[in-house]
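Presented below is the structure to which this report refers.
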There are 2 protein chains.
Amino acid sequence: MQVKIKDVAKHAGVSVTTVSRVLNGEKYVKDDLKSRVNRAIEELGYAPSQIARSLVRKKTNLIGVIVPDLTSSFYSTILSSIEEMASANDYNLLVCNISEDIDKELKYLNVFQEMRVEGIIIMHEKINEPIRNFIHKIKIPVIFSSVKPMDQKFVSVIIDDYQASYEATKYLIELGHETIGFIGGDMRDITSGQNRYSGYRNAMTDAGTKLVFEHIRFGDYKVKSGYDQMKELLSVEHPPTAVFAVSDDMAVGAMNCIRDHNLRVPEDISVMGFDGSQLTELVRPTLTSMEQPIQQMGKVTMDVLLKQIAGETISMSDVVLEHRLVARESCRNRNEATRM
Amino acid sequence: MQVKIKDVAKHAGVSVTTVSRVLNGEKYVKDDLKSRVNRAIEELGYAPSQIARSLVRKKTNLIGVIVPDLTSSFYSTILSSIEEMASANDYNLLVCNISEDIDKELKYLNVFQEMRVEGIIIMHEKINEPIRNFIHKIKIPVIFSSVKPMDQKFVSVIIDDYQASYEATKYLIELGHETIGFIGGDMRDITSGQNRYSGYRNAMTDAGTKLVFEHIRFGDYKVKSGYDQMKELLSVEHPPTAVFAVSDDMAVGAMNCIRDHNLRVPEDISVMGFDGSQLTELVRPTLTSMEQPIQQMGKVTMDVLLKQIAGETISMSDVVLEHRLVARESCRNRNEATRM
DNA sequence: CTGAAAGCGCTTACAG
DNA sequence: CTGAAAGCGCTTACAG
């Protein structure tokens, strides 16, 4: 049996009320009693039950987080930054890794509700009807991090994906590339699918560069799909001289595919990534990438969520963070490249 | 105000006992009442409070996990596998990312206790005195995953690090390498520090290969330290022709360093990693690695922990899983290599 | 098959 | 400054 407050009270010869008071650091307890209580706590190895405390206080200090893929460097970095902020504010994280499994998500959302988490963070945008209904119904604050699903009720902490993608493409154009392949995301995703595609498309047409149907492909953000889609890009009659993949993972997959076909990055083909994950510095050549402020994204997400929990009436607008193109080795000027 | 069981009872015109019964799927409730209750639950959007339920059942379905570094591919993969098993068994994960911060760990361990988690998983072996005392004192099952701290009270799910390291080294020796550099871990770590070093050392001396002091270095398992230590190895008069790093991350760092010095892997220097993380297939050349069964490690950890929670008297012995050397491109026969 | 009552381990007015 | 009592939202004997 766990020792409980009653045992401590008995041991110290005081009432449970008094024990509770020293537990919660209230003043108005004589030093004499306070030290007796503390000694009893020490001697009995007492640890108050958060469960019981939560019940009466109606406060759990719990936050539920739904991660699409824990093993992804991008998400685990956001999560780690969320965790840091949470911990600093005495919140604990209940984490759920749904790997494309929508049923699991719904189940977890229910668990979150039953656990009376004070806030929910969601990091993907594949929101189906039951989930949409659910998050609209509950009165727990919900916030989206790194994505913005088609839904105006919730705050999203994101970058301007359209603009970022536009600039990334423009960068390649300015490097002299006239054929730029695109490895996009899931077009059902607004943020990372549609917006990034639009940015690419408009940058191309604005520059008077023609869009080549065979140069436009879509993956699932993971390394393997980058590899597979690149393979397709290499198999067309006139492969592009540069490729823009909307995730670093896919960009790395593309780079590997290019190398496995005995071509060189960036001499033969330039590769541009997106996200700014650890991978960028880890591969060779290092990967030029349109970077999201990943750490900050996690931090700001928790910041805003904590405010929502505190009941501050948040203006329902999104938080849009700065993106930044970090040039590394994987992209090269087309003319220099051909000269080599 | 949250709707509670009393509201449902009133709405359905039954007692809370009856509502509780249908909630918990007990038989002995007339279909008539059952459907009235279910309708009331539906209409009111009622979700039972796990907090209250936990209090009376003395069961939280919570497991606390302490991860050294969420952004590491190795740990996040174990965590993801733990999460999967937990979820399948209706357990939820409270995760704590301590980044070398021992104070944070102790704080979290306290939180875990107060939250009445049913089990605790720890994935590192830097156990200091206060933490040791703490985990020895609490009556919550504690299990170590991927490490075995110097302590006999707890079960560890591990591989035979000594043997794995011995075999990895032997593999390089059999490839004809006579000078094999070593990038080890923290020698305060029994499992991944001392045991892996011993395996290397003994494989070398058993083969009659002499240990070269300047060829033996120690990092912190991360990419950067692999890079830095490799730089040192390259600066000695006679650099080794092969390098064994005790983590894939360090091995990748070493590979990058070698390349940045205009040397080739594996033509000039072979590189062997350890862990079997996603990186192995992702870098070029692909990384030969002594692999741990990462997924299985997470799964088995949860398996054993669940048994301990169920009160099964576990024989206090560790679970030792199979390691496996996976040969890829980064290691080459010394003679072939020099011929090129 | 159904319900009234006690109790899970705390906190918090309320009274003194 | 201290304590008795009510209550947080459930479940579970117990009685019928």
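Any value given below was found using the heavy atoms of this structure, including those in side chains, with hydrogens, waters and symmetry copies removed. Order of the sequence lines sets the chain letters (A, B, ...), proteins ahead of strands, with each chain counted from 1. This one's a predicted model, so the numbers in the text were calculated from it and none came from an experiment.
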Legend entry - Residues that A:Y75 engages under ring pair (Phe, Tyr, Trp, His ring centres under 6.0 Å), provided they are two or more places apart: none
Inset, instruction - Ignoring hydrogens and angles, tell me if any N or O in the side chain of A:D7 forms a donor-acceptor pair with the backbone of A:V3 under 3.5 Å. - result: no
Legend entry - Within-4.5 Å side-chain heavy-atom neighbours: B:K153 and B:V142: no
Inset, instruction - Verify the distance criterion only: is there a donor paired with an acceptor across the side chains of B:D69 and B:T71 at less than 3.5 Å? - result: yes
Legend entry - Electrostatic pair B:E129-B:R132, nearest N-O below 4.0 angstrom: yes
Inset, instruction - Classify the nucleic acid contact of B:S20 as base, sugar-phosphate or nothing, counting any heavy atom under 4.0 Å across all strands shown. - result: base
Inset, instruction - Taking the six-membered ring for Trp and the full ring for Phe, Tyr or His, determine whether the centres of A:Y221 and A:H124 are under 6.0 Å apart. - result: no
Legend entry - Distance-only donor-acceptor check, side chains B:S81 and B:Q295, under 3.5 Å: no
Legend entry - Close approaches to DNA chain D from residues 56-63 of chain A, in residue order (heavy atom, under 4.0 Å): A:V56, A:K58
Legend entry - All stems with DNA chain D, defined as three or more consecutive Watson-Crick or G-U pairs under 3.5 Å: C:1-3 with D:14-16, C:5-12 with D:5-12, C:14-16 with D:1-3
Inset, instruction - Search all heavy atoms of A:F154 against all heavy atoms of A:D318 and return the closest pair with its distance. - result: O-OD1, 3.8 Å
Legend entry - Check: A:H11 and A:Y46 side chains under 4.5 Å, non-hydrogen atoms: no
Inset, instruction - Would you confirm whether A:K6, through its side chain, and A:S15, through its main-chain N or O, come within 3.5 Å as a donor-acceptor pair? - result: no
Legend entry - Under 3.5 Å: donor-acceptor pair, side chain of A:D161, backbone of A:S192: no
Legend entry - Residue closer to the 5' end of DNA chain C, B:S15 versus A:K4 (nearest nucleotide): B:S15
Inset, instruction - For B:T17, answer base if it contacts any base atom (sugar-phosphate contacts may also be present), sugar-phosphate if it contacts only those atoms, and nothing otherwise; contact means non-hydrogen atoms under 4.0 Å. - result: base
Legend entry - ring pair (Phe, Tyr, Trp, His ring centres under 6.0 Å) involving B:Y108 - partner list, sequence neighbours excluded: B:F112
Legend entry - Nucleotide interval of DNA chain D bounded by contacts with chain A (heavy-atom cut-off, under 4.0 Å): D:dC1 to D:dC10
Inset, instruction - Output the residues of residues 31-48 of chain A in contact with DNA chain D, where contact means a heavy atom of the residue under 4.0 Å from an atom of the strand; sort by number or write none. - result: A:L33
Inset, instruction - Indicate yes or no: at least one non-hydrogen side-chain atom of B:L321 is less than 4.5 angstrom from one of B:Q292. - result: no
